[in-house]
Amino acid sequence: MQNQHILQQAADQARGLAIDAIHACSSGHLGLPLGAAEIGAALFGQDLQIDPTDANWLNRDRFVLSAGHGSMFLYGWLHLAGFDLSLDELKNFRQLHSKTPGHPEFEETPGVECTTGPLGQGVGNAVGMAIAGKMAAAHFNTPEHTIFDHQVVALAGDGCLQEGVAAEAASLAGHLALDNLTILYDSNDVTLDAMANASQSESVIDRFTAYGYHCIRVEGGHDMEEIGHALAQARANKGKPTFIEFKTLIAKGIPEVAGTAGGHGEGGAKFAESARLGLGLPEEPFYVSDEVRGFFQQRTAEQVENRKRWNETFQAWHAANPEKAALLDSGLKREVPADLMDRVQVFPEDAKVATRAAGGQVINDLAKAMPLLVSGSADLHGSTKNYLKEVGDFTKENHSGRNLLFGIREHAMGAIVNGIGYYGIFRPSGATFAVFADYMRGSVRLSALTNLPIFHIWTHDSVAVGEDGPTHQPVETTSGLRVIPNLDVIRPADPEETAGAFVAALQRTDGPTGLILTRQNLSNLSMIPVADRRNGTLKGAYVARREQGELELIILASGSELSLAMEAADQLGPTVRVISVPCMERFDRQDDEYKESVLPSACRNRLAVEAGVSDVWRKYVGLDGVVVGIDRFGFSAPGATVMSELGMTVENVVKQAALAGLRS
Ligand SMILES: Cc1ncc(C[n+]2csc(CCOP(=O)(O)OP(=O)(O)O)c2C)c(N)n1
């Protein structure tokens, strides 16, 4: 390798930066930045096709530090490589408003492709980015012009690879033969509490061979030449993803802790002085030599040239393919057609349809208007009904297919959908039964934290699932999702609200949405104007039935229970208002005037009805209000029987409404 000497120097200086940053704040993880320093040098000094002066260059390689605890690895290398991340930012590691938060955070730091820290997620994100890269190539490259041909590289440790989410995602990537994906395994035989062999005895590399990867084992994980050779092989490899196991020494550079679990965290930082000396660094902390700076300046100049050459191709492609170019542009800007709602058919007034089935029609209408919408399911397309007709499946042979077959891998589905979201051209969605949303919760939480405009379809939304019994009957799931900040949870009441719900999900560009849909058929609530139901859903809540005369009681309901509320109100009399609340989060974002117009504060006689746990509804009904909910698990019986046994009947709502009214 040509630049072996200078890259080795850079590796040791990167070690110094990590030691000094972690020493300065007395927290962080030293083991990985020190143990993988040569891997970092080979990646940022030689392998990765990136342009530090244009961190968001479209055809850049995506580098994902899945082992996000080793964030100083990433910050150190981004700094050295010339990204807009100053030495002062490294000195402010983990401090308020720095660009160097404890774990890498999307959109906080140039060059950070996704938020990582919860182990294993980054591997799933990288698989999503690799899928998106293949889709982008299929949608936009032409025989004359290649504009997408980058790689996705993830660095993972034992922790990531022990996690189920990574195993699920890696297995799918092998099946899909994603040869634009390389997973680097920092194999240092250490986790956090102990040596890795305290909890792991499989051969990880054999597992990846079984997944269908091209596997390379590098014994000399600190040997620049061996590392460079393996990375070059990965880049040249076609037809399979690549997995490289690098044998490394954790915390290399701090002999007191190197190779032990004590090297994983910040423990070694107290040896900063002697470590600097041992590494051949001067006493001055945060030291970077002029030679290393010069090397990376030269490297940046090459990368800029490389990107400019690509830019010429891009311009030629742009001129030759105006339609594709406009589509790409709209994807990057997360645009949706202004008349999206009108693109969705109006359902027959007498329709009796499950909202999952309505959703299937709606998403197909929307997919025609939005060619970059992709829709996946965790082996439940037949039940979740979100299969896109006539656009094919994404397979290893067909990268333009728009249905993603995740298999029974809900958690990976969440992480992969996020990866596609991070990539930023496509509008991805996943689907499974609502009760399994908890299997993917780790990824859903991250989509909310990172403001990703993705959505999930979660069907079979209550005890009305019926015969499958309590294992398949969500009661706490919908409200459990509602407590995740920045996640919109929409539970529509009929087909028209379902149309509104999908449009809301697609119009939202600053966060994820969960669509909670029924298994059972529901009546189309055609006594409420179509426009009220659709646009009311966009607002989160609206008046579904307005009182006549003085308002005496407000009934709030969502989803399948809206029809119970409407019937109960008819029995209770004209002074009852019914509010449909498909989405609490959207309603809570409305201005006070709208909220007051829907839910007048003067009326304290309030009742909420939803076939799920009751607590969240207290924010609308107050301590004096009544919630007709289900605060227990269900049981196996026909859906209508379970609903009525658990109080989800018009009679019970009427009875409880009397209580709500009497208490004033
Ligand atoms: C999902 C999840 N569980 C637990 C943790 C806490 N944690 C952070 S690092 C770590 C050990 C990781 O071991 P390894 O990947 O081998 O990292 P290394 O010791 O090589 O730095 C643990 C348990 C986490 N960040 N995410």
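Counting convention: from 1, in listed order, for ligands and their atoms alike.
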K.L.:
Which residues pass the side chain to side chain donor-acceptor pair (under 3.5 Å) test with Glu410, sequence neighbours left out?
P.N.:
none
K.L.:
Compute whether any side-chain donor of one residue and acceptor of the other, for Ser375 and Asn403, lie under 3.5 angstrom apart.
P.N.:
no
K.L.:
Between Asn486 and Asn451, do the side chains contain an N or O donor and an N or O acceptor separated by less than 3.5 Å?
P.N.:
yes
K.L.:
List the atom pairs, with distances to 0.1 Å, where a side-chain N or O of residues 234-243 and a protein N or O form a donor-acceptor pair under 3.5 Å, not counting sequence neighbours.
P.N.:
| unit_1 | atom_1 | unit_2 | atom_2 | d |
| --- | --- | --- | --- | --- |
| Arg235 | NE | Asp47 | OD1 | 3.1 |
| Arg235 | NH1 | Asp61 | OD2 | 3.3 |
| Arg235 | NH2 | Asp47 | O | 3.1 |
| Arg235 | NH2 | Asp47 | OD2 | 3.1 |
| Arg235 | NH2 | Asp61 | OD2 | 2.6 |
| Asn237 | ND2 | Lys240 | O | 3.0 |
| Asn237 | ND2 | Thr242 | OG1 | 2.8 |

K.L.:
Just to be sure I understand the cut-off, which residues have at least one non-hydrogen atom under 4.0 angstrom from an atom of ligand 1?
P.N.:
His69, Gly117, Pro118, Leu119, Gly157, Asp158, Gly159, Glu163, Asn188, Val190, Thr191, Leu192, Ile250, His264
K.L.:
Within the structure provided, determine whether Pro118 and Leu446 are in side-chain contact (heavy-atom separation under 4.5 Å).
P.N.:
yes
K.L.:
Under the ring-ring contact (aromatic ring centres under 6.0 Å, His included) rule, what pairs show up with a residue in residues 96-126, not counting sequence neighbours?
P.N.:
Phe106-Tyr422
